[in-house]
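The first residue in the sequence is number 1, and the count goes up from there.
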Amino acid sequence: MSTQPPSRPLRGGPGSEGTGTSREGTGTSREGTGTSPLPPPALRGATLIPDTVVARIAVRAAHEALTRQGGKPPARLGLGTPRTKATVHDGSARLGVSLELPYPVDIARAGGEIRHYIAERVAHLTGLRIDGITVSVQRLVASHGPRRGRVE
């Protein structure tokens, strides 16, 4: 029984390209010489991101936007989890976001900031073009600060 490991040809060594010389360190690539078994990068295909994945990314972005606005995570403000829908087609996405906001708030300004943040974040993370985002406010939640309650 032999204790030597099995021999394996070294990459770029004798027999790998039929020349008996190594090409390491020369800066040449098999892909650039046309001998690559892969098609050119432009013809290799595309990465498809399902609608559900884009929707989950949008939920996370909405959560981040609400945290930025309120200074606290939405759950600590008494807000529910945002709900989203996404439709992806030909490298672009349309999003629908339904969420709650803390009261009092300027709804138009807050909605615009949230819409802008979600669009930038989803586009950055997915590489998709965002064609449109619809933000709907389902409910305003009163804050639980010291001003709340009955004065006697």
Side-chain angles (χ1 to χ4, degrees), residues 5-6 8-13 16-17 23-152:
R8 294 183 186 142
L10 297 174
R11 183 177 228 176
S16 66
E17 294 189 31
R23 297 183 76 159
E24 290 182 28
T26 61
T28 60
S29 166
R30 286 177 49 135
E31 192 169 324
T33 61
T35 61
S36 174
L38 296 174
L43 300 176
R44 290 184 194 165
T47 301
L48 300 176
I49 304 173
D51 296 354
T52 55
V53 173
V54 175
R56 290 185 72 177
I57 292 170
V59 165
R60 182 65 188 161
H63 187 272
E64 291 171 3
L66 289 169
T67 300
R68 287 176 56 160
Q69 285 227 318
K72 298 178 188 174
R76 295 190 80 198
L77 295 171
L79 305 178
T81 303
R83 292 174 302 280
T84 62
K85 290 184 179 182
T87 305
V88 178
H89 184 69
D90 287 337
S92 65
R94 296 186 66 78
L95 303 170
V97 180
S98 175
L99 48 78
E100 298 174 352
L101 291 176
Y103 179 83
V105 66
D106 179 354
I107 298 172
R109 183 185 58 78
E113 289 174 3
I114 290 169
R115 182 183 314 111
H116 180 73
Y117 184 85
I118 292 171
E120 281 188 353
R121 193 77 173 129
V122 171
H124 174 75
L125 292 172
T126 63
L128 296 171
R129 184 181 65 251
I130 306 302
D131 284 343
I133 299 180
T134 302
V135 175
S136 57
V137 177
Q138 294 300 310
R139 185 169 75 124
L140 296 176
V141 178
S143 64
H144 301 306
R147 296 186 341 200
R148 183 171 177 157
R150 225 169 115 164
V151 178
E152 295 186 31

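Between T67 and P74, the closest side-chain pair of non-hydrogen atoms falls below 4.5 Å. Using a 4.5 Å heavy-atom cutoff, the side chains of T126 and V53 are not in contact. Side-chain contact between L128 and V122 is absent, with no heavy-atom pair separated by less than 4.5 Å. For the pair Q138 and R83, the minimum side-chain heavy-atom distance is below 4.5 Å. In this structure, the side chains of V105 and V137 stay at 4.5 Å or more apart for every pair of heavy atoms.
For the atom pair CD1 of I130 and CZ of R115, the computed distance is 13.0 Å after rounding to the nearest 0.5 Å. Remark: R68 CZ to I114 CD1 distance equals 10.5 Å, nearest 0.5 Å.
Nearest heavy-atom pair across L95 and A86 is CD2-CB, 3.5 Å. Closest of all the heavy-atom pairs between E100 and L66 is O-CD2, 3.9 Å. Between V54 and A93, the shortest heavy-atom contact is CG1-CB, 4.4 Å. Of all non-hydrogen atoms in G78 and R139, the two that sit nearest each other are O-NH2, 4.2 Å.
Looking at residues two or more places apart in sequence or on another chain, you find a side-chain contact (heavy atoms from CB on, under 4.5 Å) between D51 and V88.
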Counting only pairs under 3.5 Å, give me each side-chain donor-acceptor contact of residues 55-64, with atom names and distances, residues two or more places apart or in other chains.
unit_1 : atom_1 : unit_2 : atom_2 : d
E64    : OE1    : Y117   : OH     : 2.7
E64    : OE1    : R121   : NE     : 3.1

